Amino acid sequence: MSDTDTQKTAVAEREAYFVGGGIASLAGAAFLVRDTGMLGENVHILEKREVFGGALDGRGVPEEGYVLPGGRMFNFPTYECTWNLLDSIPSLEDPETSIKAEMDEFNERYSTYAETRLVGSDQEILDVSSYGFETQHRLSMIRLLLTPEATLGDTRIEEWFSDSFFDTNFWYLWATTFAFQPWHSVAEMRRYMQRFTQEFPRLHTLSGVARTKYNQYDSIVRPLRQWLDNHGVDFRTNHTVTDLDVVPSRSGKTVETIHYEGADSTAKEIPVNSDDLVFVTNGSMTDGLSLGSMTEAPDLKSRGTSFELWRSLTEDYPELGTPSAFADHVPESKWESFTLTLREPDFLEHIVEVTREEPGNALVTFTESNWLMSIVTAAQPHFENQPDDVKVVWGYGLFPEEKGNYVEKKMEDCTGEELLEELCYHLDYTEHVDDLRETSTCISCMMPFITSQFMPRTPGDRPDVVPTGSNNLAFLGQFAEIPDDVVFTVEYSVRSAMLAVYEFLDVEKEVPPVSTHQYEPDVLLNTAKAAFR
């Protein structure tokens, strides 16, 4: 037997456990099965909820209303590991076509180009062809790009730029595209500026944004889940992992036991052999997620189980990061989204008339909104089970603690009906609200940690994907450290999974490198021109 055959046999006999059922774990399971020879039946994904997919969750029926916590944007020039994965997973609608190929075809038909990105008072469509920079703003951005990340520490964006920077068109576009706030990490902003330099000239049109045919749950999670099911991967719901027994030795740290609570809240455990692997999603953007209804506001939670697990690990091993840097700032990391299900077409037709944007994933922000409200009118249908006569609009507000312009309540205290009223105000549709209540459903979603990964941090606050001295423990997702890549993206989660799997199992393939468009002369020239428009 050759060394390769021996290695494959050894891998086939090992077990792998993924703590958390988000896209990082699903991707990691796929890489294990696809690239290492590990048997699907030996791969176990432990999730506290009944549904897998994490931040890519999407659900509902037309009668009761659809729910989308968020919507992830994709970018074809980057997202190297994501395309590597999706190119090997069959589409549900056409098994001969990959998810990647399905996305290619969809984006050829529905290319994104925002005609109306910002709307001011009285439904005025604002001209955003100029970003509105002053000389000091340009100099601050250049200085940021030339400053090594390690020296930035926990500096906030508002500490780097002047107050006037946050009144520019650029900031409105930047903040509502990527969900940055002035108090977030300037180091993260620097990474974004480098990773998406090629998008800088077209930020006002979003023409570099790629989308899935349906919402990401239907277009990515469901086909990926089916592929994993077909390979025998073991999915376990109602498994809330509370702790890991990590035992130190001269050879390094080894996970020996996984402690969890089942559906009945009874404490249970899973023994882990020394050659088995444990992949932990240490923190989640959608932890503590709470849904409202037409008549009730969502709850605001301050703790999340994934962060609590991370805290328990750092009590014994502080070198595994600083969860408090991200999880202890709910007022600064929360925002609220809402999903509007329309069972008659009049309101969507009015949105198109006011914004001049046909359904097709255009993002429109109302700059005068106290909540800084934005909406997305996706290409319809946005759910695979969505009837032709039902339409879906998704939106969010970055300032849920503020009172509305029309509704005298904080966004976070509003019912779905009240969110609908506020949206109608910004679209000059309030006289039709009573009829709209009868023919639509608005479901809100409060996410206390949705931008926690953007909070100011210092080196070491995020653990390495495979910590130094770890024999079988890796961290996945938005709170593991991946040099040069950017959080709040599907790519970051998928890349973390590929890095962990390939390192632990010595996969001969290379992890696709982070692209470096910021060094291409034509990209730099176009960026400079855009800064002076």
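Side chains included, hydrogens not; waters and symmetry mates left out as well; all remaining heavy atoms used. Everything quoted here is computed from the prediction, not taken from an experiment.
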Partners meeting side chain to side chain donor-acceptor pair (under 3.5 Å) with [X] (sequence neighbours left out):
{"X": "D522", "value": "none"}
{"X": "K48", "value": "D287, T305"}
{"X": "T168", "value": "none"}
{"X": "R191", "value": "E149, E481"}

Going by salt bridge (charged side-chain N to carboxylate O under 4.0 Å, His left out), name the residues that satisfy it together with [X], two or more places apart in sequence or in a different chain.
{"X": "R109", "result": "E105"}
{"X": "K529", "result": "none"}
{"X": "R34", "result": "none"}
{"X": "D57", "result": "R49, R59"}

Side-chain donor-acceptor pair under 3.5 Å between [X] and [Y], yes or no?
{"X": "T197", "Y": "Q518", "value": "no"}
{"X": "T82", "Y": "E491", "value": "yes"}
{"X": "R117", "Y": "T176", "value": "yes"}

Between E384 and R222, does any NZ, NE, NH1 or NH2 come within less than 4.0 Å of an OD or OE carboxylate oxygen?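 Here R222 pairs with E384 in a salt bridge, since their nearest N and O are under 4.0 Å apart.
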R195/D484 ion pair, N-O < 4.0 Å: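 Between D484 and R195 there is no salt bridge, as every charged N stays at least 4.0 Å from the carboxylate O atoms.
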Could I get the full list of ring-ring contact (aromatic ring centres under 6.0 Å, His included) partners for H329, not counting sequence neighbours? none
Residues which pass ring-ring contact (aromatic ring centres under 6.0 Å, His included) with Y113, listed by chain and number, not counting sequence neighbours: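 By the ring-ring contact (aromatic ring centres under 6.0 Å, His included) rule, Y113 matches no residue at all.
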Report yes if the distance between the aromatic ring centroids of F106 and Y110 is under 6.0 Å, otherwise no.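 Ring centres of Y110 and F106 closer than 6.0 Å.
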So that I know where these two stand, are F532 and F133 an aromatic pair - ring centroids less than 6.0 Å apart? no
Restricting to pairs with a member in residues 165-186, which pass salt bridge (charged side-chain N to carboxylate O under 4.0 Å, His left out), not counting sequence neighbours?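 Output for this query is empty, none listed.
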Mind jotting down which residue pairs meet the ring-ring contact (aromatic ring centres under 6.0 Å, His included) criterion with at least one end in residues 487-531? Sequence neighbours excluded, please.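 Qualifying pairs: F454-F488.
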Which label fits F170 and F165: parallel for a plane angle under 30°, tilted from 30 to 60°, or perpendicular past 60°? tilted
With a distance cut-off below 6.0 Å to the six-membered ring centre and an angular limit of 45° from the axis, does R457 pair with F326 as a cation-pi contact? no
